[in-house]
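Model, not experiment: these values are computed from the prediction.
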Amino acid sequence: MKISLRLFGCALGFAALAVTGALAQSPASFSFQLVTTFDYPGTGNQTRPQKINDLGDIAGIFVDTSAASRGFIRFSNGNFSPPIVDPNDTNHFTEGRGINNSRLVCGDYLDSGGAFEGFFFSHPTFTNYVVPNSTTTIVLGVNNVGDFSGSNIPTGGIQEAFLNIGGTVTEFAVTNATATLAYQLNATNQSCGYYIDSSGVTHGYWRDSDGTIHAPIDPAGSTGTILFGNNDRNLIVGRYSDSAGATHGILFVPPHRFLVYDFPGATFTSLNGINRRNTICGRYTDPSTGIDHGIIVQVVRTAAGGVMLPLAPPSAPAQPVPQRAVETAPAY
């Protein structure tokens, strides 16, 4: 399936390009600047941003006090869309996962049988999508030419990642993973995501445009890593947990360097999407209320660089796992 769309141009400043180029050389001289926090309107809503386009529009999920999940767009001017609910959602569960410069939103919902199906939303039209011969399809990211990524379970198989590029579906999995999920692909079809090993531990990976998979991608000290989004320079954002139980936002600069971001006072921070301007969307959990709030942060030059971690050393080779179909709900 190929989603047709109008490509929306976006001018980039020289300063943003300079930061992007220099990051690849010396991430220690860069840090994060908090731009703003935000919440989907309504008392008690959990706000969980997912991706940000080059214009600053954000797609995400909010969960209301009845535990219903709904998609949303936060426009670059700070206004919000009405709740995004797939017409076939009979389980009060629709999630906005990705957005491109044409404001094409992708995501997932639960159908009447309780299985995940993908959708695309371009106001006011919904288009549902299922990978052929699959029992589960989750669409997690979409780029500016309408190619997209996600995760599916082939009939009788294990959960794997997929890319739909020019209407051609490519399915792949990290070796010996029990589930593999592709969260985003950029303009050159580099993709990123996470997988689950035979011990149930999550690890990040990224896949080059030639199909080479780089895995595991874990910062030193990680007990579980998830990568959510990459931009056109393949700077990748996500989060990792440590042995003390805290979760930290990360910016991964391939091949082996991480910058760490913690929202002040929070023990849970997640960075979920990054655009060409190196503007990042994510969330933190207020430890006093347990409520998730959206954040926007910017990668900036600093005299003293932010906290940096190296890539964790490789562990023993993964052991083969039984081939069985188990549905893994995607992280957010």
A.B. asks: Could you pull out the closest heavy-atom pair between Asn164 and Val169, with the gap in Å?
C.D. replies: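 That closest heavy-atom pairing would be ND2-CG2, 3.6 Å.
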A.B. asks: Quick check against the 3.5 Å criterion: does Thr94 have a side-chain atom that pairs as donor or acceptor with the backbone of Tyr109?
C.D. replies: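 No, because the side chain of Thr94 does not come within donor-acceptor range (under 3.5 Å) of the backbone of Tyr109.
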A.B. asks: Can you list every pair that meets salt bridge (charged side-chain N to carboxylate O under 4.0 Å, His left out) and has a residue in residues 174-185, with sequence neighbours left out?
C.D. replies: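 Pairs touching residues 174-185 that pass the test: none.
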A.B. asks: Tell me, please, which residues at least two apart from Tyr261 pass ring-ring contact (aromatic ring centres under 6.0 Å, His included).
C.D. replies: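 Listed in chain order: Phe32.
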A.B. asks: Which residue pairs pass the salt bridge (charged side-chain N to carboxylate O under 4.0 Å, His left out) test when at least one of the two sits in residues 159-171, sequence neighbours left out?
C.D. replies: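 Counting only pairs at least two positions apart or across chains, no salt bridge (charged side-chain N to carboxylate O under 4.0 Å, His left out) contact touches residues 159-171.
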A.B. asks: Angle between ring planes, Phe72 versus Phe62, binned at 30° and 60°: parallel, tilted or perpendicular?
C.D. replies: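 Ring orientation, 0 to 90° scale: tilted.
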A.B. asks: So does Asn133 have more than 12 non-hydrogen atoms from other groups sitting under 6.0 Å from CG?
C.D. replies: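 No - once you tally the heavy atoms of other residues, nucleotides and ligands closer than 6.0 Å, there are 12 at most.
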A.B. asks: Aromatic rings Phe252 and Phe258: how do their planes relate, parallel, tilted or perpendicular, breaks at 30° and 60°?
C.D. replies: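 Answer is tilted, since the angle falls between 30° and 60°.
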A.B. asks: Apply side-chain hydrogen bond (donor to acceptor under 3.5 Å, both in side chains) to residues Asn53 and Asn100 and explain how you reach the verdict.
C.D. replies: CA-CA 5 Å; Asn53 68 15; Asn100 67 10; over 6 Å; no
A.B. asks: By the salt bridge (charged side-chain N to carboxylate O under 4.0 Å, His left out) test, which pairs, at least two apart or in different chains, include something from residues 64-87?
C.D. replies: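 For residues 64-87: Arg70-Asp89.
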A.B. asks: Report the hydrophobic cluster partners of Tyr332, with the cluster defined as I, L, V, M, F, W, Y residues connected by side-chain heavy atoms closer than 4.5 angstrom, directly or transitively.
C.D. replies: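 Listed partners: Ile61, Val63.
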A.B. asks: Apply side chain to side chain contact (heavy atoms under 4.5 Å, CB included) to Asn234 and list each qualifying residue two or more places apart in sequence or on a separate chain.
C.D. replies: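 So Asn234 forms a side chain to side chain contact (heavy atoms under 4.5 Å, CB included) with Asn186, Gln190, Trp206, Asn230, Ile236, Pro254.
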A.B. asks: State which residues pass side chain to side chain contact (heavy atoms under 4.5 Å, CB included) with Pro41; sequence neighbours excluded, sorted by chain then number.
C.D. replies: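 For Pro41, the residues satisfying side chain to side chain contact (heavy atoms under 4.5 Å, CB included) (neighbours in sequence not counted) are Phe80.
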A.B. asks: Please name the pair of heavy atoms, one in Ala59 and one in Val105, separated by the smallest distance, quoted to 0.1 Å.
C.D. replies: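 It is CB-CG1, 4.4 Å.
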A.B. asks: Identify the heavy atoms of Gly282 and Pro49 that sit nearest to each other, and give their distance.
C.D. replies: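 Closest heavy-atom pair between Gly282 and Pro49: O-CG, 3.2 Å.
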A.B. asks: Just do the side-chain hydrogen bond (donor to acceptor under 3.5 Å, both in side chains) check on Asn152 and Ser134 with the steps written out, would you?
C.D. replies: CA-CA 6 Å; Asn152 68 298; Ser134 296; 2.9 Å; yes
A.B. asks: Quick one: which residue pairs count as a side chain to side chain donor-acceptor pair (under 3.5 Å) with a foot in residues 213-223, not counting sequence neighbours?
C.D. replies: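 For residues 213-223, and leaving out neighbouring residues, the side chain to side chain donor-acceptor pair (under 3.5 Å) pairs sorted by first residue read His203-Asp218, Asp218-Thr225, Ser222-Thr225.
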A.B. asks: Should Tyr183 and Ile138 be counted in the same cluster of Ile, Leu, Val, Met, Phe, Trp and Tyr side chains packed under 4.5 Å apart?
C.D. replies: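 Tyr183 and Ile138: one cluster.
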A.B. asks: Which residue pairs satisfy the salt bridge (charged side-chain N to carboxylate O under 4.0 Å, His left out) criterion with at least one member in residues 108-130, sequence neighbours excluded?
C.D. replies: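 The answer is Arg97-Asp108.
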A.B. asks: Only one of Tyr240, Phe268, Tyr284 clears ring pair (Phe, Tyr, Trp, His ring centres under 6.0 Å) with His248; which?
C.D. replies: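 Exactly one candidate clears the test, Tyr240.
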A.B. asks: Among all residues two or more places apart in sequence or in another chain, which pass the salt bridge (charged side-chain N to carboxylate O under 4.0 Å, His left out) test with Arg283?
C.D. replies: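 Per chain and number, Arg283 pairs via salt bridge (charged side-chain N to carboxylate O under 4.0 Å, His left out) with Asp292.
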A.B. asks: Can Ser241 and Thr247 be counted as having a side-chain donor-acceptor contact under 3.5 angstrom?
C.D. replies: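 The answer is yes; a qualifying pair exists.
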A.B. asks: Not counting sequence neighbours, which residues clear side chain to side chain donor-acceptor pair (under 3.5 Å) with Gln33? List them please.
C.D. replies: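 Testing Gln33 for side chain to side chain donor-acceptor pair (under 3.5 Å), a comparison that skips the adjacent residues, returns none.
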A.B. asks: Who are the side chain to side chain contact (heavy atoms under 4.5 Å, CB included) partners of Ala215, not counting sequence neighbours?
C.D. replies: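 For Ala215 the side chain to side chain contact (heavy atoms under 4.5 Å, CB included) partners, ignoring immediate neighbours, are Val174, Tyr195, Tyr205, Ile213.
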A.B. asks: Starting from Leu259, can I reach Leu271 by hopping between I/L/V/M/F/W/Y residues whose side chains sit under 4.5 Å apart?
C.D. replies: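 Linked, Leu271 and Leu259 end up in one cluster.
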A.B. asks: Give me the atom names and distance for the closest heavy-atom approach of Lys51 to Ile99.
C.D. replies: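 Scanning both residues, the minimum pair turns out to be O-CG2, 3.8 Å.
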A.B. asks: Under 30°, 30 to 60°, or over 60°: which ring-plane class applies to Phe119 and Phe126, parallel, tilted or perpendicular?
C.D. replies: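 Correct class here is tilted.
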A.B. asks: If every non-hydrogen atom of Thr328 is compared with every non-hydrogen atom of Ala179, which pair is closest and at what distance?
C.D. replies: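 Here Thr328 and Ala179 meet closest at OG1-CB, 3.7 Å.
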A.B. asks: In terms of the angle between their ring planes, are Phe162 and Tyr129 parallel, tilted or perpendicular, with boundaries placed at 30° and 60°?
C.D. replies: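 Rings of Phe162 and Tyr129: tilted, as their planes differ by 30° to 60°.
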A.B. asks: Between Asp232 and Ala187, what is the shortest heavy-atom contact and its length?
C.D. replies: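 Scanning both residues completely, I find the closest heavy atoms to be OD1-N, 3.0 Å.
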